[in-house]
Structure formats: C-alpha cells, structure tokens
**Student:** 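One structure, pasted below without further comment.
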Amino acid sequence: MAKKPKTAIQPTRQEDYPEWYQQVIRAAELAEVSPVRGCMVIKPWGYSLWENMQAVLDKMFKDTGHENAYFPLFIPMSFLEKEAEHVEGFAKECAVVTHHRLEPGPDGGLVPAGPLEEPLIVRPTSETIIGSMYAKWIQSYRDLPILINQWANVVRWELRTRLFLRTAEFLWQEGHTAHATEQEAREETMQMLKVYADFAENYMAMPVIQGEKTAGERFPGAVATYSIEAMMQDRKALQAGTSHFLGQNFSKAQEIKFQDQNGQEVFAWTTSWGVSTRLVGGLIMTHADDDGLVLPPRLAPKHVVILPIYRNDEEQATVLEYCQKLSEELSSQSYDGQPIRVMIDKRDLRGGEKNWYHVKRGVPIRMEVGPRDVAADSVFMARRDTSDKSGIGRREIVQTIGKVLKEIQDGLFERARQMRDDNTHEITSLDDFHSLFPPTDDDAKGPATGGFAICHWKESPEVEALLKERKLTIRCVPFGEENAQGTCIFSGRPSQGRAVFAKAY
RNA sequence: CGGGGUGUAGCUCAGCCUGGCUAGAGCGCUACGUUCGGGACGUAGAGGUCGCAAGUUCGAAUCUUGUCACCCCGACCA
C-alpha cells in the first residue's frame, strides 16, 4: 500500500511556499494556466469566488454613490501619450493592435493585413479613454461630481506571471471620478480606500495596513497613491488595492475643464481606484493551509457541503432523503443576510476521496450523513478552519449554523491578524534592520524571513540602493505615521515619518 | 532583452551519454468484481506521428543543424 501523504498539498508551505501556492490553486480547482502566454483560465470554483467578491464590492460602490458604465477595450495610442508619467509607466507593457484583418499567407497560414492608421493599445488601465469622455461630459460645475466604476479586463504584458497575483490579462474594477474641488477629490480617494479596507478585513478576513505610497511606488501620473497592504503567510507583503488622487494631472492633459460658480474655467480634480483578481491570490495566501484552500464564509461559493454515505440502494434512499431535508432546512437559515449556501455531493465517489475533494476546495463546513446519523437524527460535522469534527444533532446544527459560520469568519480574521502582528516589528537601528532582513535568504523557498519592519526613514539614494540590494520595498507610510518625529535609521538624518518595509509580491 | 534549462501518454517523469525488435513507469482515466464513516484493492483495458523541420545512417526518442514553445534566474510590474 502506498504511503499516505500527511497533507493534501505537497509540498507544504514550509517546504516550498511558491510551489505550495500553485498546488493549492490546482487542487482547489480555482484556475489553470492557459495556452495563451501569461493568461489564466479561471475555473468555476475560482470564478464563483470572484463573483462573490464583485457582488459585495459592487454594492459598496453603489452605496457610496457610484454607477457602473463600460468603456472600450481599445485605446488609441495617442491617448496614452498625453500624460507623460503615465506613458512612461505603462508603455513597456502594452499589447498593441496594428491590423484589422487576416489574409491567407504564402505558407498556408494567416497573416495580418489591413494596417490601422493609428495603432490601438489594449487598455492597461482606462484613465485616458475615460478622461476623454469626461472632457465631453463636463462643462459646468453642475455636471460634477462624476462617479463611475467599470468592471473590466485589462492587459499588462508581464514577463513573469503567477496565477492571480500577476497575469498578463486580469479582471478588475476601476473607479474613475471627477470633482469640482481638490478637497472633494481627496475625500473620495480616502473613502474608496476605506471601502477596500473594509472589504479586505470584514469579507476576506484579511487584515490590512492603510497608508500612502512613497514617490517611487506611486501610480504613474498620480499626485498621491494610497494602498491597503496585507501580509501573506510567508511574511511577504501584498498590495491588495489602490486608490489614487490624480490631482489635475489628467484633467490638464485631457482638457477636463468646467466653469465654476464664478464663471471661471477651471480643471477638474480626478481620482481612480481599483482592485483585481489579485485579491483571490491574497485570499489563498492569507488563509489556505497544507490541506488546501480555506475560504472565509462570507465569500465562499458554498457554506456547507453535505456528503451522503451509504452502502446499498436501501441506505441510499433514506440517506439521500435525509440529506435533502437537511439541505432545505439549512438553506432556510441565513448568514450575513443571505440564505445559507448548501450543496449535496451525490457523486459516485468513495467517501474519503470525496471528503478530501471538499477539504482542498476550502468549503467552510462539511457534513457527513450516513445511516447511523439518520438513525440518530444527527450529522457528523467538520470545520475547515480548525479541523474540529464532531457529531451534532440535526436540529441543533440547523439552528446554530449561522453562528458557526460567523465564528469561522471571525476566527480566520483573528488568526491572520495575529500572524501579521507577530511578524510586524518596530525597528529603531540599522543593526536590527539587518538582522530582520539578513542578506542570505533570497533563495529560500520557505517563508521569507522578516515580515514587516516599521521604521523612521528619509528618502535618499543610499536607502534606495540598500532596499534594492535586499529586494525590499517600502510598502507604504501608514496613516498617522506621516509626521512621526525621529531619526532615519539609514542615514541618521531627521526622519520624514515612519514607513513599512517588507519583501513584496 | 542578457544567463541557464526543458520539450516523450491527460499529469509527473525514466529512456538519450554508448543509435537496434512492438517506447516505458507512477498517478489519472474506462469496465468488472470485492470494498465503502479519512485519500481502497484486484483483474482487464484505452491512451504516444518521442515539440517541429531538415540532415547523418541499413536503422534516430537517442547523433548533427536549424526552428518553435515553455520554464527558471536577472531588469520591470496590481
């Protein structure tokens, strides 16, 4: 008999974190690499998860006054050229469409024909195309604010790709707003960052640090970029969402102007903000374990899977009938304002195999129902987050299911927060900084050493060089730390605040 | 775009150095049987133009050249 692996996923997080990540995605059937270089196929389980994220975020956007719209996939190349920094930021990774037709080639294949007068780029982001429309739509202060979001795919021609974290094409939402005053635009930028933080923490159960990006990490063309930063289980940072205050940079480049109440022609103030399918990667790396995915109940495609167990037709009939009733009773209960999402897995598979299938996919609660349970009017329940397993009366679990799910949701957040806090260090000396990030762990396959370092700093070439050498980045300057008084641990000069340093995805 | 590596069954790979009958293994898949409350076992099967193209040879997965694709490491990035 073959030796049973101890964990469903191999290697474990400890042995080889990047490989573990890929194996979780495969085992949980979230996505696969596609025949198209750098692009992924999101499979039903993964897409369902994304749909749940979309549904929650979409409601949050609408509750804050935004409307959805849709702008073209293609952007005239000249549009991108308008904002200098923006060009520089994206030019290197644009897919360019140069022809509009295919013709039979000399060797039997097809060759592009019908060259375009002006090449089109596939949107890497939509500031320019949306801005060009805003320029038309906005004439008066009465036309403002414009608060629009779009759900779309974008393409950034990445060389090194990883499923969900960095793919050439990805799905996201991008909010684009225009305002009459700087203050209003700044408030919008902050409001949406808060929405993201709320979503990350309360739905994904992923604790985040909110803060402002440093000049070097800023969105191309933005005046200020804010982000939410999460710590993955390997202690690396993941930028999970960004909100940009664009000032008047884009409105000046694109002539988005209006007459104010004094009849003066002035430029609008704009913002943009987005989160992407990268969040799925963040969810995996925050909660998944060596047995596969672990889903927070608020986003799980299914809350409960019922696994009928029987040996013969007679047992099958009674067990399935019982499962059906259980499913209906559970579905009539609610969690998070919605009916409990239940599925019965009736597939003709062995019990153990079927059980592991759902473990790997991260279903929060599994309920095994066999003849013994039917007889005792109970179920055998297993929690994905704690591996707690126990028999429980049917009536009891139906009544408490919502409470159990809440407990799981809260527990996941608490566990992640604990992990993050345990690995966040306030560093006050260069020696401590070096010992937190020793230079030798670059090729380590397990968790990165270090975690988050919070330290005083002052922007300078030396700091940049050191960070580059150690493959470290400044994640953000957390709110409240901008004006912290102190001494830069690198240069000894007066600090410009405290920032979070970490290795990052 | 620099440096390194790999292309053989759905997946992971062996075989290549030293050319030779019908190209292999594990997993997965199909059927049947025994099983079934934590990843079952047995038996029988299906599945490959050995990345592609030329060349050398009586004979090429194996040697040579070209070509394409992908992976890893650097530079860049949500």
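Residue numbers begin at 1 in each chain, while the letters A, B, ... track the order of the sequences.
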**Student:** Can you tell me the Watson-Crick or wobble partner of B:rG55, both distances under 3.5 angstrom?
**Tutor:** B:rC63
**Student:** For B:rC29, give the paired nucleotide (Watson-Crick: N1-N3 plus N6-O4 or O6-N4; G-U: N1-O2 and O6-N3; both under 3.5 Å), or none.
**Tutor:** B:rG45
**Student:** C1' atom, B:rA61 versus B:rA9: distance in rounded Å?
**Tutor:**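 Approximately 14 Å lies between the C1' atom of B:rA61 and that of B:rA9.
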**Student:** Tell me what A:Y310 touches on the nucleic acid: a base, only sugar-phosphate, or nothing, going by heavy atoms under 4.0 Å.
**Tutor:** nothing
**Student:** A:R162 near the nucleic acid: base, sugar-phosphate alone, or nothing, with a heavy-atom cut-off under 4.0 Å?
**Tutor:**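 Nothing, no nucleic acid heavy atom in range.
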**Student:** Would you measure the distance from the C1' atom in B:rA46 across to the matching atom in B:rU30 and give it in whole Å?
**Tutor:**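 Here B:rA46 and B:rU30 have their C1' atoms 7 Å from each other.
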**Student:** With C1' as the reference atom in both, quote the distance from B:rU8 to B:rA14 in angstrom, rounded to an integer.
**Tutor:** 10 Å
**Student:** If you draw the axis of the six-membered ring of A:Y505, does the NZ or CZ of A:R162 fall within 45° of it and under 6.0 Å from the ring centre?
**Tutor:** no
**Student:** Does a side-chain N-to-carboxylate-O contact under 4.0 Å join A:R475 and A:E212?
**Tutor:**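 Here A:R475 does not pair with A:E212 in a salt bridge, since their nearest N and O are not under 4.0 Å apart.
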**Student:** Can you tell me the distance, in whole Å, between the CG atom of A:L163 and the C1' atom of B:rC71?
**Tutor:**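 About 14 Å, once rounded to whole Å.
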**Student:** What nucleotide, of B:rC77, B:rG39, B:rA75, holds the atom closest to the side chain of A:K468?
**Tutor:** B:rA75
**Student:** Specify whether A:F501 and A:W457 have parallel, tilted or perpendicular ring planes, treating 30° as the upper limit for parallel and 60° as the lower limit for perpendicular.
**Tutor:** perpendicular
**Student:** For B:rC17, give its Watson-Crick or G-U wobble partner with both distances under 3.5 Å, or none.
**Tutor:**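 Its partner is none (no Watson-Crick or G-U wobble pair with both distances under 3.5 Å).
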**Student:** Do the side chain of A:R350 and the base of B:rU35 come within less than 3.5 angstrom through a donor-acceptor pair of N or O atoms?
**Tutor:** yes
**Student:** Does this structure show an ion pair linking A:E29 with A:K360, if we count only N-O contacts that are shorter than 4.0 Å?
**Tutor:** no
**Student:** In whole Å, what is the span from the CZ atom of A:R160 to the P atom of B:rC72?
**Tutor:** 5 Å
**Student:** Just the rounded figure in Å: distance from P of B:rG37 to CD of A:E315.
**Tutor:**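 A:E315 atom CD is separated from B:rG37 atom P by 12 Å.
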**Student:** Does B:rC1 have a Watson-Crick or wobble partner in any strand here, with both distances under 3.5 angstrom, and which is it?
**Tutor:** B:rG74
**Student:** What orientation do A:W20 and A:Y17 show, parallel under 30°, tilted 30 to 60°, or perpendicular over 60°?
**Tutor:**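 A:W20 and A:Y17: tilted rings.
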**Student:** Please determine if A:R298 forms a cation-pi arrangement with A:Y203, meaning its NZ or CZ atom is less than 6.0 Å from the six-membered ring centre and no more than 45° off the ring axis.
**Tutor:** yes
**Student:** Applying a 3.5 Å limit to both distances, which nucleotide forms a Watson-Crick or G-U wobble pair with B:rA40?
**Tutor:** B:rU34
**Student:** Is A:R26 salt-bridged to A:E32, going by a charged N under 4.0 Å from an acidic O?
**Tutor:** no
**Student:** Using a heavy-atom cut-off of 4.0 Å across all strands, would you classify A:G351 as base, sugar-phosphate, or nothing?
**Tutor:**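 Contact class for A:G351: none.
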**Student:** Taking atom P in both B:rU35 and B:rG47, what distance in whole Å separates the two?
**Tutor:**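 Comparing P positions in B:rU35 and B:rG47 gives a spacing of 32 Å.
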**Student:** Say we look at B:rA25 and B:rU18: how far apart would their C1' atoms be, to the nearest angstrom?
**Tutor:**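 It comes out at 23 Å once rounded to the nearest Å.
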**Student:** Regarding A:K354, tell me which of base, sugar-phosphate or nothing describes its non-hydrogen contacts under 4.0 Å with the strands shown.
**Tutor:** nothing
**Student:** Could you measure between the two P atoms, the one in B:rU65 and the one in B:rG4, and give it in whole Å?
**Tutor:** 16 Å
**Student:** Would you mind telling me which of B:rG37, B:rC36, B:rG39 lies closest to the side-chain atoms of A:A8?
**Tutor:**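 Shortest atom-to-atom distance from the side chain points to B:rG39.
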**Student:** Out of B:rC36, B:rG37, B:rA78, which has the shortest distance to the side chain of A:R372?
**Tutor:**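 My answer, after comparing the listed nucleotides, is B:rG37.
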**Student:** Here's a test of your reading of the structure: between A:Q22 and A:Q239, which maps to the more 5' nucleotide of RNA chain B?
**Tutor:** A:Q22
**Student:** NA contact type, A:T242, heavy-atom cut-off 4.0 Å: base, sugar-phosphate, or nothing?
**Tutor:**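 The answer is nothing, as A:T242 stays clear of every strand by at least 4.0 Å.
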**Student:** Could you give the distance separating B:rA23 and B:rC70 at their P atoms, to the nearest angstrom?
**Tutor:** 30 Å
**Student:** Measure the distance from CD on A:E158 to P on B:rA75 and round it to the nearest whole Å.
**Tutor:** 15 Å
**Student:** Round to the nearest Å and state the distance from A:E127 atom CD to B:rA78 atom P.
**Tutor:** 12 Å
**Student:** Between atom OH in A:Y357 and atom P in B:rC36, what is the gap in whole Å?
**Tutor:**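 Those two atoms, OH and P, are 25 Å apart.
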**Student:** Under 4.0 Å between a side-chain nitrogen and a carboxylate oxygen: does that hold for A:D291 and A:R384?
**Tutor:** no
**Student:** Considering Watson-Crick and G-U wobble pairs with both distances under 3.5 Å, what does B:rG7 pair with?
**Tutor:**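 With both distances under 3.5 Å, B:rG7 matches B:rC68.
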**Student:** Give one of base, sugar-phosphate or nothing for A:T167, where a contact means two heavy atoms less than 4.0 Å apart.
**Tutor:**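 Since a base atom lies under 4.0 Å of A:T167, the category is base.
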**Student:** Heavy atoms only, 4.0 Å cut-off, all strands: where does A:L238 land among base, sugar-phosphate and nothing?
**Tutor:**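 No contact at all - A:L238 keeps every heavy atom at 4.0 Å or more from the nucleic acid.
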**Student:** Roughly how far apart, to the nearest Å, are B:rG51 and B:rU6 at atom C1'?
**Tutor:** 11 Å
**Student:** In this structure, how many angstroms lie between the P atom of B:rC77 and the NZ atom of A:K471, rounded?
**Tutor:** 15 Å
**Student:** Could you check how far CG of A:D348 sits from P of B:rC32, rounded to whole Å?
**Tutor:** 11 Å
**Student:** Touch check for A:F380, heavy atoms < 4.0 angstrom, all strands: base, sugar-phosphate only, or nothing?
**Tutor:** base
**Student:** Ignoring hydrogens and angles, are the base of B:rG37 and the side chain of A:D373 linked by a donor-acceptor pair under 3.5 Å?
**Tutor:** yes
**Student:** Quick one: on RNA chain B, does A:E353 or A:L349 contact a more 5' nucleotide (nearest heavy atom)?
**Tutor:**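 On the 5' side of the pair lies A:L349.
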